[in-house]
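Below you'll find the structure, written out as structure tokens, and then a few comments.
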Amino acid sequence: MTDEFIDDGDITMEVDDDEGAGEPGEFEVSGDPSAEDFGEEIIYEDSSISHFGEHQGSVFTVAVHPLQPLAVSGGEDDLGYIWNLEDGEVVVKLTGHSDSVTSVGWSHDGELVSTGGMDGKVRVWRRVKRATTETEDAWKTWEFLTELSGPDEVMWLRWHPKGSVLLVGSNDSTVWLWQLPSGNTMQVLASHIGPVNAGGFTQDGKKVLTGSECLLLTTPTSDAPLLKLTPTDARFALEGGITSLAVNPSNTLAVVGGADGGVRVVSLSKGDVVGSLEGHKEAESIEGVAWMEFAGTEVAVTGGTDGKVCVWDTGTMRLRTTLEHSDAVTSLHPHPAPSSYLLTTSSADETLRTWDVRTGELVREHKGHHGPILGSSLGTVNGKVVVVSAGDDGMCLVFAAE
């Protein structure tokens with residue numbers, strides 16, 4: 001059976017079902033030449049349950065589909081791919097970029113998928129629905145929908161949690177919102193100074209929080225700031241700018257991480273800094289922020305290039321526990337209920353780790369990469385939680401996370 005892809009001109013392309021597929025542990029890696037000279041066998045531990053190796057170069061980003069056993073990935077080869085998590089088969093090759101694809105994402109219902117690149121392009125595809133009964137094959141045909149232009153270089157992209165609205169931050173200090181499938185521009189936010197390195201919707205989808213040198217809270221329909229914190233506020237100032245942020249489930253607090261290792265807790269209702277969290281090494285960038293809720297407790301988690309994952313009690317502004325990798329932390333993923341006390345982290349140390357944040361215990365270590373892990377995504381396949389990694393070695397690996 002072949003899989004269809006409908007390009008800009010409605011030209012159907014076929015993709016071989018075996019392309020990119022493979023069994024766990026079968027992929028070849030380049031070993032240490034000195035070891036080869038002495039005839040030593042190099043063994044890489046691989047605990048993955050499937051993998052995808054079609055990218056020709058580093059894989060920068062990956063996202064798991066919200067409903068189906070699919071992932072989308074983007075890489076140094078200027079390509080995106082939709083592929084099957086269970087067997088590593090290519091579903092669709094996503095073309096059209098002229099530089100690295102560094103951001104990917106699915107709409108809340110999984111009907112649309114987007115890719116963002118260093119070329120400034122944002123490209124969107126749509127699933128082609130069949131008139132017949134929905135089957136597994138119903139998710140194998142996608143058509144190119146539109147190309148959205150405006151940003152100089154895409155830094156990140158986020159879909160609205162409830163609607164078909166796409167939010168994109170750029171290195172040229174702008175933030176763009178588009179309505180899909182029309183592709184109409186809803187808003188261009190131009191109040192930032194410098195690259196907009198982090199951003200997203202609040203969890204209720206009613207507001208937009210973005211960070212550069214300053215922090216701005218706006219609505220999707222207006223660029224008038226509801227909140228604005230700048231480096232001139234000594235309590236907020238983060239030298240080198242904001243690198244990551246996240247809003248809590250009740251949409252009342254945001255945790256903001258900076259390039260200098262600083263972490264601030266901001267009240268979105270008061271528009272003020274309510275806490276400064278010190279636990280990361282100075283001048284080590286905060287690369288990820290997440291919120292977790294379990295047993296009636298709400299905690300914030302920050303991960304940095306110092307290899308530390310700090311778990312914070314935002315009620316007392318105190319450090320609960322520190323989890324550690326041996327190199328930079330690249331992403332953080334809280335698990336869904338009933339295991340909402342679990343957190344999976346990825347790192348440049350070539351591993352992913354699943355932790356019990358209540359105790360700080362390492363529950364699982366996921367191995368298989370032979371280079372830094374640049375990104376990851378958590379999802380569910382057949383009722384089981386999996387984590388999918390994007391590696392500098394050109395591989396995407398799928399692991400059982402629980």
Once you round to the nearest 0.5 Å, how far does [atom1] of [X] lie from [atom2] of [Y]?
| X | Y | atom1 | atom2 | value |
| --- | --- | --- | --- | --- |
| E284 | E282 | CD | CD | 10.0 Å |
| D87 | I49 | CG | CD1 | 11.5 Å |
| K281 | D260 | NZ | CG | 15.5 Å |
| N171 | D152 | CG | CG | 4.5 Å |
| L148 | T185 | CG | OG1 | 7.5 Å |
| H369 | D349 | NE2 | CG | 11.5 Å |

Testing the basics here: between [X] and [Y], what is the closest heavy-atom pair and its distance to 0.1 Å?
| X | Y | result |
| --- | --- | --- |
| G194 | S212 | O-CB, 3.9 Å |
| D172 | G150 | OD2-O, 4.1 Å |
| H280 | G304 | CE1-N, 3.7 Å |
| S346 | L352 | CB-CD2, 3.8 Å |

Inset, instruction - For W312, check ring pair (Phe, Tyr, Trp, His ring centres under 6.0 Å) against everything at least two apart and list the hits. - result: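 Result, ring pair (Phe, Tyr, Trp, His ring centres under 6.0 Å) vs W312: none returned.
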Legend entry - Any residue meeting ring pair (Phe, Tyr, Trp, His ring centres under 6.0 Å) with F201, in chain and number order, not counting sequence neighbours: H160
Sorted by first residue and then second, give each salt bridge (Lys or Arg N to Asp or Glu O under 4.0 Å) pair with at least one member in [range]; sequence neighbours left out.
| range | result |
| --- | --- |
| residues 265-276 | R235-D272 |
| residues 188-208 | none |
| residues 56-82 | none |

Checking the side chain of [X] only, and the main-chain atoms of [Y] only, is there a donor and an acceptor separated by less than 3.5 Å?
| X | Y | answer |
| --- | --- | --- |
| E293 | W291 | no |
| W125 | V92 | no |
| S182 | N184 | yes |

Legend entry - From L216, I242, L215, L217, residue fulfilling side-chain contact (heavy atoms from CB on, under 4.5 Å) relative to L229: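 Of L216, I242, L215, L217, side-chain contact (heavy atoms from CB on, under 4.5 Å) with L229 is met by L215 alone.
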Legend entry - Passing option when V274 is tested against V266, L253, T314 for side-chain contact (heavy atoms from CB on, under 4.5 Å):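 One option only clears the test, and that one is L253.
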Tell me, do [X] and [Y] make a side-chain contact under 4.5 Å, heavy atoms counted?
| X | Y | answer |
| --- | --- | --- |
| V72 | L94 | yes |
| W83 | S73 | yes |
| S285 | T305 | yes |
| V64 | L85 | yes |
| L378 | P336 | yes |
| T95 | L79 | yes |
| W159 | V113 | no |
| L226 | T218 | no |

Partners meeting side chain to side chain donor-acceptor pair (under 3.5 Å) with [X] (sequence neighbours left out):
| X | answer |
| --- | --- |
| T359 | none |
| R126 | E143 |
| D356 | R358 |
| E153 | none |

Legend entry - Steps toward side chain to side chain contact (heavy atoms under 4.5 Å, CB included) verdict (V196, W156): CA-CA 9 Å; V196 186; W156 49 268; 4.0 Å; yes
Modelled atom types, side-chain donor and acceptor of [X] and [Y], under 3.5 Å:
| X | Y | answer |
| --- | --- | --- |
| T61 | S103 | no |
| R353 | T345 | no |
| S100 | T102 | no |
| T330 | E287 | no |
| T344 | H335 | yes |
| E86 | N382 | yes |
| S376 | S331 | yes |

Does anything in [range] pair up under ring pair (Phe, Tyr, Trp, His ring centres under 6.0 Å), and if so which pairs, sequence neighbours excluded?
| range | answer |
| --- | --- |
| residues 168-196 | W176-W178 |
| residues 383-402 | H366-F399 |
| residues 86-113 | H65-W106, W106-W142 |

Could you tell me whether [X] atom [atom1] has more than 12 heavy atoms of other residues or ligands within 6.0 Å of it?
| X | atom1 | value |
| --- | --- | --- |
| E365 | CD | yes |
| E147 | CD | yes |
| I193 | CD1 | no |

Inset, instruction - Would you check, one step at a time, whether the test side chain to side chain contact (heavy atoms under 4.5 Å, CB included) holds for H325 with D306? - result: CA-CA 8 Å; H325 280 273; D306 56 1; over 6 Å; no
Inset, instruction - Apply side chain to side chain contact (heavy atoms under 4.5 Å, CB included) to T302 and L277, showing your working. - result: CA-CA 10 Å; T302 54; L277 308 179; 5.7 Å; no
Legend entry - Under-4.0 Å salt bridge between K308 and E324: no
